[in-house]
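Note: hydrogens, waters and symmetry copies are ignored here, and every other heavy atom, side chains too, is used.
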Amino acid sequence: MRYTGSVPEELQASALGDVEHTALLTIFCHAIESRSPAPILRDPLAEELAGRLTPALAASPNPLARRLARGELRAPMVVYITLRARQFDAYARDFAARHPGAAVVNLGCGLDTRFSRIDDGALRVVDVDLPTMIGLKRQLIAEEEHYQMIASSVLDHGWMDAIEGPAIFLAEGLFMYLPEDGVRALVLALARRFPGSELVFETFNARWLTGWRGRVTRRKLQDKLKLGAGATFQFGIEDGAALEAWDPRLRYLGEWIFLDEDEPKLGALRLFRRWDWFRHTQWTVRYALG
């Protein structure tokens, strides 16, 4: 993966929606942590992309974009997002080791630079995201023999025609923003079309989507994190194995909880690992397909 040049002058960050702006947040978290002492995640390409994007974001009408340009990101968020990326990289490497030549498919990829971090010369990486995001990414990063971008909503299943299994499908920071019926249809289509593959996705606890808990969640996203009204959580589960009830072809393999990491930068957050209600507010689950 290589950078293609400077950001074109016509780039208008305001053309991105609220959910797409969360992808910019992710790449800036990677860049900040990559530049820090003893980084959780080394991501030189993210550092370069963040630097190139900063002038355009500084002039954006979007509040989150301007915060990113000023480097105003909370330390716990940076730690969580980079721990999450490191773990998803590990899932991809593990699957590729067991399935030589396998595909790693990033659903809702944003500007993530996973290919540059895990490329071993053999595995294939496919990035799927909305046309606006892929359009921006193609201005910044060149496709290569083993790296492909597909401009499509993940809910429009036509993109699956370009994938040859087995594959590991990674949904990092995506499913919670999608409607439940869309997630269900997507997951069942993957299970039907790609036996022998795996799905790893970050999820949110469904109990925090309705009632007073739902109001707390929305305030956190929009007032505290400034993600915008369009970036709201819609989908969640209460138990990691819940998807097994959707179809017998879905088999729960396990979960990852960031609080369990032996990472000094977690600081006082490590105290919350004692409480299950906190541990299972936002976490990652892994499934075998077919």
Side-chain angles (χ1 to χ4, degrees), residues 84-85 87-109 114 118 123-130 148 150 152-210 213-214 233-260 276-277 279-290:
R84 182 185 70 185
Q87 180 62 31
F88 273 66
D89 287 356
Y91 282 128
R93 290 191 182 99
D94 171 71
F95 188 84
R98 291 182 283 113
H99 302 84
V104 177
V105 184
N106 291 316
L107 303 178
C109 63
R114 175 157 289 118
I118 67 173
L123 61 80
R124 296 171 290 124
V125 174
V126 181
D127 281 352
V128 184
D129 210 326
L130 296 170
Q148 176 187 5
I150 299 177
S152 171
S153 166
V154 299
L155 301 181
D156 179 0
H157 300 172
W159 61 266
M160 296 182 189
D161 296 337
I163 309 299
E164 297 180 4
I168 182 168
F169 299 91
L170 305 177
E172 183 180 358
L174 172 66
F175 278 9
M176 60 275 284
Y177 294 106
L178 302 178
E180 181 174 355
D181 59 347
V183 174
R184 182 186 291 262
L186 171 61
V187 170
L188 294 181
L190 293 176
R192 182 176 64 254
R193 296 184 59 167
F194 301 100
S197 298
E198 291 184 8
L199 169 66
V200 179
F201 64 94
E202 182 185 14
T203 190
F204 193 72
N205 197 305
R207 296 176 182 174
W208 285 88
L209 293 177
T210 59
R213 293 184 181 91
F233 287 179
Q234 303 182 64
F235 170 75
I237 56 179
E238 293 186 18
D239 178 78
L243 272 62
E244 288 190 331
W246 290 5
D247 192 289
R249 289 171 290 194
L250 297 170
R251 181 163 58 89
Y252 177 65
L253 297 177
E255 65 182 11
W256 173 78
I257 298 173
F258 79 102
L259 292 172
D260 293 337
D276 187 70
W277 66 268
R279 289 166 52 82
H280 288 96
T281 299
Q282 193 164 337
W283 76 108
T284 293
V285 295
R286 175 170 161 249
Y287 276 82
L289 304 178

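The minimum heavy-atom distance between Y91 and E255, with the atom names listed, is OH-C, 4.3 Å. Between D129 and G108, the closest heavy-atom pair is OD2-C, 3.3 Å. Between G196 and H99, the shortest heavy-atom contact is O-NE2, 4.0 Å. Contact detail for Q148 and A162: the closest heavy-atom pair is NE2-CB, 4.2 Å. A pairwise comparison of heavy atoms in I150 and V126 identifies CD1-CG1, 3.7 Å as the closest pair. Of all non-hydrogen atoms in L155 and G182, the two that sit nearest each other are CD2-O, 3.5 Å.
Under the 4.5 Å side-chain criterion, counting only non-hydrogen atoms from C-beta, F169 is not in contact with V200. A heavy-atom distance below 4.5 Å is not found between the side chains of L199 and L250. Residues P166 and F95 are in side-chain contact: their nearest non-hydrogen atoms beyond the backbone lie under 4.5 Å apart. Counting heavy atoms from C-beta outward, I237 and D239 have side chains that stay 4.5 Å or more apart. In this structure, L170 and I168 have side chains that are in contact, with non-hydrogen atoms separated by less than 4.5 Å.
In this structure, R192 does not pair ionically with D247, as no charged nitrogen and carboxylate oxygen lie closer than 4.0 Å. Between R286 and E198 a salt bridge is recorded (basic side-chain N to carboxylate O distance below 4.0 Å).
Between the side chain of Q234 and the backbone N or O of Y177, at least one donor-acceptor pair lies under 3.5 Å. In this structure a side-chain-to-backbone donor-acceptor pair under 3.5 Å is missing from R84 to W283. For the pair E202 (side chain) and G173 (backbone), a donor-acceptor distance under 3.5 Å is present. In this structure, the side chain of S152 does not engage the main chain of V154 through any donor-acceptor pair within 3.5 Å.
With hydrogens and angles left out, the side-chain atoms of E238 and H280 include no donor and acceptor closer than 3.5 Å.
Test F201, W246, Y287 against Y252 for ring-ring contact (aromatic ring centres under 6.0 Å, His included) and you get one pass: Y287.
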request  = Output, in order, the C-alpha distance, side-chain angles, deciding distance and verdict of salt bridge (charged side-chain N to carboxylate O under 4.0 Å, His left out) for R114 and D127.
outcome  = CA-CA 9 Å; R114 175 157 289 118; D127 281 352; over 6 Å; no
* Full working for side-chain contact (heavy atoms from CB on, under 4.5 Å) between V183 and L186 -> CA-CA 5 Å; V183 174; L186 171 61; 5.7 Å; no
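Remark: aromatic rings of F204 and F175 are distant, center separation not under 6.0 Å.
Classified by interplanar angle (parallel below 30°, tilted 30° to 60°, perpendicular above 60°), the ring pair W256/F258 is tilted.
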